[in-house]
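Lettering follows sequence order; numbering is per chain, from 1. None of the values given here were measured: they were computed from a predicted structure.
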Number of protein chains: 2
Amino acid sequence: MNVRKKLSASSEDYLEAIYNLVSLHKVARSKDIAESLGVSRASVTGAIKLLSDKGLVDYKPYGYVYLTEKGGKEAAAVAKRHTIIETFFVKVLGVDQQEAESAACKAEHALGSTIIPRLLSFTEFYCEQDNIAAEFKKFCKSKGI
Amino acid sequence: MNVRKKLSASSEDYLEAIYNLVSLHKVARSKDIAESLGVSRASVTGAIKLLSDKGLVDYKPYGYVYLTEKGGKEAAAVAKRHTIIETFFVKVLGVDQQEAESAACKAEHALGSTIIPRLLSFTEFYCEQDNIAAEFKKFCKSKGI
DNA sequence: TAATATAGTTAGCTGTTCCTAACTTGTCAA
DNA sequence: TTGACAAGTTAGGAACAGCTAACTATATTA
């Protein structure tokens, strides 16, 4: 409980998966977590125990998994980073949705509180500029990208 | 030797450190690798063995560490990703050099061949635009960032 | 309600990445 | 040349992240 230490990428992934499942189905089941992360059920049990030790998840054997308040905040933060990065990839770089999604999944663990707010601001700023996206597309085409 | 598998973030870090040390001092010593990655000398020995098994590094106990041709290519690719990301952070997002460097260190393992070329193109494109950096600065100020 | 299918857990293993402590090897200077 | 210090390695261990196989609990349904 209450270990003040940065979460591993893996733990963040589990937290995010739980967060998304809860958003969709009100509840997160071990099997669905396993499926959404492409991991065995046994691995989920192990990961959940770690999260539980850190006070991020409420869990009793054979029961559903719930985020604690603290876990919910962490998860929401990860999900937000994910969205900001994905949006930047799509709206600014012009990457297609699926690629952007899977790239954001990896990058969300690497970018912190210096980069993320600026990335968000930049995306907002960029989207306000008239025509610039079209200009960039032209630029890319001229370079054969 | 010749294991066709994606390198771990850790292996990429070691490769990059060796690459940078060789660029600077013609030679990479275990102690300097340890120092530049903030890791114990024993960890370096272990990591070097892994890289050697993969044919990325030439190494004899108690000798210097050299990159093989294959290792050199890998290392250069990592270093290039690093530069592209760092440049984007500085030139586009306006993050200061040091922050950009350390953030790029983490992100370089997460961004792949979809995102990196686009990020590079985008940075080039952006730097060609007159005044836009100043506009973004204004935008940030107006939002209190 | 009893049998069975599904979900979850446990045990035990592998591999990675780091550590410290203790040892070996190499180098330099008195 | 040798002895001390620096550099490198080995051994052993911890934490994490995954796996399979075998077990247990829960839920469904005939």
* To do: Would you sort out whether K73(A) and E69(A) count as a salt bridge (charged side-chain N to carboxylate O under 4.0 Å, His left out), showing the intermediate values?
  => CA-CA 6 Å; K73(A) 276 181 195 166; E69(A) 198 189 320; 3.6 Å; yes
* Asked: Which residues satisfy the side chain to side chain donor-acceptor pair (under 3.5 Å) test with S102(B), sequence neighbours excluded?
  ->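 Here no residue qualifies.
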* To do: Not counting sequence neighbours, which residues clear side chain to side chain donor-acceptor pair (under 3.5 Å) with R29(B)? List them please.
  => D32(B)
* Hydrophobic cluster membership, L37(B) vs I18(B), 4.5 Å side-chain cutoff -> yes
* Which heavy atom in I145(B) sits nearest to a heavy atom in S121(A), and how many Å separate them? -> CD1-OG, 2.7 Å
* To do: Not counting sequence neighbours, which residues clear ring-ring contact (aromatic ring centres under 6.0 Å, His included) with F139(A)? List them please.
  => F125(B)
* Sugar-phosphate means primed atoms, P, OP1 and OP2; the rest is base. With that split, encode nucleotides 3-13 of chain C 5' to 3' as B, S or - using protein heavy atoms under 4.0 Å. => ----SBBB---
* Structure fact -> Given Watson-Crick and G-U pairs under 3.5 Å, DNA chain C in dot-bracket ([ ] crossing, | other strand) is ||||||||||||||||||||||||||||||
* Asked: Under 6.0 Å between ring centres, would you say that holds for Y14(A) and Y59(A)?
  ->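 They do not qualify: ring centres at least 6.0 Å apart.
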* To do: Run through H82(A), K6(A), R81(A) and flag the one making a side-chain hydrogen bond (donor to acceptor under 3.5 Å, both in side chains) with E12(A).
  =>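 That would be R81(A); it is the only one of H82(A), K6(A), R81(A) passing the side-chain hydrogen bond (donor to acceptor under 3.5 Å, both in side chains) with E12(A).
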* Check whether any side-chain heavy atom of I116(A) lies under 4.5 Å from a side-chain heavy atom of I85(A), and answer yes or no. =>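 Side chain of I116(A) against side chain of I85(A), heavy atoms only: contact under 4.5 Å found.
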* Asked: Roughly, in whole Å, what's the span from CD1 in I33(B) to C1' in dC18(C)?
  -> 16 Å
N/O-N/O pairs, protein side and nucleotides 16-18 of chain D side, under 3.5 Å:
unit_1: dA17(D); atom_1: OP1; unit_2: S8(A); atom_2: OG; d: 2.5
unit_1: dG18(D); atom_1: OP2; unit_2: S10(A); atom_2: OG; d: 3.3
unit_1: dG18(D); atom_1: OP2; unit_2: Y14(A); atom_2: OH; d: 3.0

* Asked: How are the rings of F136(B) and F122(A) set to each other: parallel, tilted or perpendicular (split at 30° and 60°)?
  -> perpendicular
